[in-house]
Each structure stands twice: as structure tokens, then as C-alpha cells.
Amino acid sequence: MHNLGRTRSANRRDHLLHTPDTFVRTVLPGMERGAAVVHISPAAGAAFTQYTAELEPGGTLGPTASHVPAQRFVYVLAGAVDLATGASFQSIDPGGFAYLPEGLAHTLTARSAARLAVVEKPYQPLEGTAAPGMLAGSESNVVSVALMGDSDLLVRSLLPDGPAFDFAVNTMTYQPGASLSMVEIHVMEHGLLMLEGGGIYRLGDAWYPVTAGDFIWMAPFCPQWFGALGKRPAKYLIYKDWNRHPLG
Ligand code: UGY
Ligand code: MN
């Protein structure tokens, strides 16, 4: 049925809800046999870009932008990819992830049809701290921590939390009915991909029903709260800038 121009998607000054009915695919430079849904970028006010890459078997992601050095973080949503650098080779399955520091030449090739959540961001060095090296892992090997003691809300931090990293990527899993215990307002911005389940997201002064497949961008200081609804857990992958002074 025709939707008469209606969508749950919304684009506001301090947040964006990007639902699959509004996704437009594009091919980024260097990408082969694949397409990207760019969810957020500096064009919309973010300091990072996040996209979902959809690769056919044998498809490749291509390098980060040639004129803007950037770190890259990849989380495998579906399928499997081979990650090769000059010195290493590994396959990454769903729930697996990799951090690739700025300037590290690498190739990411789909072994089977694959979907990847990709975050790219210029690195913000910290005086006296060495920049991080490449890292790969699997979410299943990361310990979960109860957020503010709530065992119905588990957080897994995929990257080490030391000052070398200028961003974090976590998964958060809510049992049905669990919610953030407070409305958060903070300097960090977020890129969020709903992986499973759904619920209600408060963003700014609006409350949105959200479900697996949706993407949300929250600008710095965007009021935010989530409550999980339904009979299965809700889970999302969430990016935030981290570990740096607000003055840059
Ligand atoms: O890490 C966070 O700021 C997280 N609790 N925010 C969120 O889930 N919207
Ligand atoms: Mn937050």
C-alpha cells in the first residue's frame, strides 16, 4: 500500500532517526560489488560518519577517504568478511569486529553476502599517549557489565576504555521492560544501530517507536532515554566519542 509520504524517519537539529523505508544506497569510492547506506556524516552535523555496507560475495569495502585520514571500526552484522593487512589475515563472523587505525592499509572482502556496520572518524591524538594499534575481536568474548547495577541492562564495551581510543563502541542489551534509569544529556554524540527487538526512544522532546534495522544519531547534549518493549530483548550497537577534552 502507498504510504502517502509517511515515515517514522525524522531529521531534527539534535537527532536523526533513519528507518529502512528511507534508505538510499550509494557506492563509495573504492567499493566493489557492494553498496552503502550512509546514515550520518559531517554533512548533517556529526563529527564522524556511520554507514551500513552491503557486500555481495567477493565484494570489497574500499579504503577510507583518501583526503581525510580516518580510523575505521567495522562490526559484522551478517555474513563473513576477510580482513587482510600487510601483516595479518583473519575472517570475521557476525558479532565480530575490527578497529583499524588511521593510515593502516587493509582490505575487507566478503566471503559470503555480508552486512557491516562501519564507523569512520579522524583520530584526535592525545599528548603523551600513543595512538592505538589494530584490534579485532568478537562480541561473544567481551564481558558484559550491568549498567548502574541493573542486571536487565547489559553493556559490552568492544574497545578498550584507555585514553588511546577517542571513541567507544558498545552493545547494550535490554530485557523486555528494562530502560535507561535516567534521561541522559551529555557532550558525547552517538551513532546507534538497533540490532534486535525494539522499544521507545526519547530524543530531544519527541518519543519514537524504534525497531531492529533503525539507525539513530544523537547530537551532543541531545536528551535521550530508551525503554525496551515487546517480549524479546532489545539490543543496539552504539558509538560515542570519548576520552577527549570538550575543547578539542
Ligand atoms: O553510553 C551511553 O551514553 C549510553 N548509555 N547512551 C544511550 O544508550 N543512549
Ligand atoms: Mn548516551
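All ligand and atom numbering here is 1-based and tracks the order in the structure.
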Q. Would you call Y201 a ligand 1 contact, heavy-atom distance under 4.0 Å?
A. yes

Q) Does M188 reach ligand 1, in the sense of a heavy atom lying below 4.0 Å from it? A) no

Tell me whether the rings of [X] and [Y] are parallel (<30°), tilted (30 to 60°) or perpendicular (>60°).
{"X": "F165", "Y": "Y99", "result": "perpendicular"}
{"X": "Y174", "Y": "F226", "result": "perpendicular"}
{"X": "H18", "Y": "F215", "result": "perpendicular"}

Q: Indicate the atoms forming the closest heavy-atom contact of P209 with I200, along with that distance.
A: CA-CD1, 4.0 Å

**Q.** Contact summary for Q50 and L193, nearest pair of heavy atoms
**A.** NE2-CB, 4.3 Å

(Q) Checking T7 now: which residues fulfil side chain to side chain donor-acceptor pair (under 3.5 Å) with it, not counting sequence neighbours? (A) T19, D21

**Q.** Atoms of ligand 1 close to I238 [distance to a heavy atom under 4.0 angstrom, numbered from 1]
**A.** 6 (N), 7 (C), 8 (O), 9 (N)

Identify the closest protein heavy atom to [atom]: which residue and atom is it, and at what distance?
{"atom": "atom 1 (O) of ligand 1", "value": "K240 NZ, 2.6 Å"}
{"atom": "atom 5 (N) of ligand 1", "value": "E184 OE2, 2.7 Å"}
{"atom": "atom 8 (O) of ligand 1", "value": "Y236 OH, 2.6 Å"}

Q) Does any donor atom in the side chain of Q124 or D241 lie under 3.5 Å from an acceptor atom in the other side chain? A) no

Q) For residues H15 and Y208, is any side-chain donor paired with an opposing acceptor at under 3.5 Å? A) yes

Q: Considering only NZ, NE, NH1 and NH2 on the basic side and carboxylate oxygens on the acidic side, decide whether R72 and E120 come within less than 4.0 Å.
A: yes

(Q) At a cut-off of 2.8 Å, what protein N/O/S atoms sit near the Mn ion (ligand 2)? (A) E184 OE1, H186 NE2, H190 NE2, Q224 OE1

